[in-house]
Visitor: 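Below you will find the structure I want to go over with you.
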Amino acid sequence: MTEQSKTINFSQVKDKCAGMLEPEVYESIYHAMSHSDDGDIVEVGTARGAATIALAFGIAASARPERRVISFDRLDPQNYIEDANVVDRTTIDLSAIFIQQIRDNIAAFEMQDKVVLHFGAVENLHSTVDGPISGLLLDADGAIDRDFKLFYNMLRPGSPVIIDDFDDSAHLWRWSNNQIRVDLKHRLTHQLGRFFIDQGLLEQSHIVRNTFFGQKPHAVAQPVDFNAMDFIPVYRSILFSNVERSEVPIGPVYGTRAVAVQTLQTRTPGLYKALRRIMGRTPAPSAG
Ligand SMILES: C[S@@+](CC[C@H](N)C(=O)[O-])C[C@H]1O[C@@H](n2cnc3c(N)ncnc32)[C@H](O)[C@@H]1O
């Protein structure tokens, strides 16, 4: 731990922003970006801003503190509403509340001048980045082939590339009372990441928890034609494949409703109140 990172409380960042990664991962993000060079940093998957804040702290500690984090999020409701029974995940629009929360979180760490937020799908908004960029953090929906296509050629050789969910696992989530969601995002991310490593487009330095830390190799100085690459075999490879039983965490299937409501109440009281208004009743904990 460096002197500077000792003064940043990454547990506080995680708690304040309901961060989905562990404090040690946020700290590693900070370190990686504090060594990045000239050019803004792109993040796909802001959520409530925890990693965005770690990136911004990294920039602030770097030799080029005037740079910015450009972060994209399409505000998937399921990432913000933990309990499938509380609302219909697909129809409710709480985006204004989410956006205010994200801005408040970033301001709470005084990083608002270092962050540019874009709300919407990255595939529609990417042209707001005109590069060159000096770092990439991918933590969205597993389609990292899309994100590489959008940003890789803007990335300076040698720049850090961080990819979350880089593990060969499948997840099962309770989606509604009658449905279990099979989530292969991590498998897809892992397989596509291996594909890029095999192509010589990505070098691994280390993994923290299930987050990949690496860089664009210095040797890749010419633009890469991603349209000429065939990703279908990678997508196909996740259709029929075996996963270790221990690699299939059962997501919030039992007893999670009370936890979700409690999380909403304590971490995001504004959102909790809005849900109560929309539902016309208190989202009470059930026996689960
Ligand atoms: C796992 S969360 C990110 C967690 C965050 N990095 C943290 O530290 O807590 C993934 C986010 O990616 C967003 N997302 C998914 N697909 C996207 C896309 N195509 N464009 C922009 N954002 C996307 C979702 O709305 C969600 O908020």
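Just follow the structure's listing: the first ligand is 1, and inside any ligand the first atom is 1.
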Visitor: Of Ala47, Ala140, Gly120, Gly19, which has the heavy atom at the shortest distance from atom 14 (N) of ligand 1?
Guide: Ala140
Visitor: Which of the atoms in ligand 1, numbered in the order shown and given with their element, are less than 4.0 Å from a heavy-atom of Ala51?
Guide: 6 (N), 8 (O)
Visitor: With ring centroids as reference points, do Phe166 and Phe212 lie under 6.0 angstrom apart?
Guide: yes
Visitor: May I ask you to decide if Ala140's main-chain N or O and Lys185's side chain share a donor-acceptor pair within less than 3.5 Å?
Guide: yes
Visitor: Would you mind listing the cluster partners of Leu239? Hydrophobic ones only (ILVMFWY), side-chain contacts under 4.5 Å, chaining allowed.
Guide: Phe240
Visitor: Any atoms of ligand 1 less than 4.0 Å from a non-hydrogen atom of Gly45? List them with their elements.
Guide: 3 (C), 5 (C), 6 (N), 11 (C), 12 (O)
Visitor: Check whether any heavy atom of Arg146 sits under 4.0 Å from an atom of ligand 1.
Guide: yes
Visitor: Please answer whether the main-chain N or O of Ser159 pairs with a side-chain N or O of Lys216 as donor and acceptor at a distance below 3.5 Å.
Guide: no
Visitor: Can you classify the ring geometry of Phe109 versus Phe57 as parallel (below 30°), tilted (30 to 60°) or perpendicular (above 60°)?
Guide: perpendicular
Visitor: From atom 3 (C) of ligand 1, work out which of Val122, Asp139, Asp147 has a heavy atom at the shortest distance.
Guide: Asp139
Visitor: Looking just at side-chain N and O atoms, do Asp164 and Thr211 make a donor-acceptor pair shorter than 3.5 Å?
Guide: yes
Visitor: If we only count N/O pairs under 3.5 Å, is Glu123 in contact with ligand 1?
Guide: yes
Visitor: Looking at Leu75, which atoms of ligand 1 are within less than 4.0 Å of one of its heavy atoms?
Guide: 25 (O)
Visitor: Between His126, Lys14, Met20, Lys185, which one has a non-hydrogen atom sitting closest to atom 2 (S) of ligand 1?
Guide: Met20
Visitor: With respect to Arg74, determine whether any N or O atom, backbone or side chain, lies less than 3.5 Å from an N or O atom of ligand 1.
Guide: yes
Visitor: Pull out every atom of ligand 1 sitting under 4.0 Å from any heavy atom of Tyr26, numbered as shown with elements.
Guide: 7 (C), 8 (O), 9 (O)
Visitor: Looking at Ala121, which atoms of ligand 1 are within less than 4.0 Å of one of its heavy atoms?
Guide: 20 (N)
Visitor: Check whether any N or O atom of Thr46, backbone or side chain, sits under 3.5 Å from an N or O atom of ligand 1, and answer yes or no.
Guide: no
Visitor: Please work out which of the three classes, parallel, tilted or perpendicular, describes the rings of Phe213 and His206, given edges at 30° and 60°.
Guide: parallel
Visitor: Assign the ring pair His118 / Phe72 to parallel, tilted or perpendicular, where the plane angle (0 to 90°) is split at 30° and 60°.
Guide: parallel
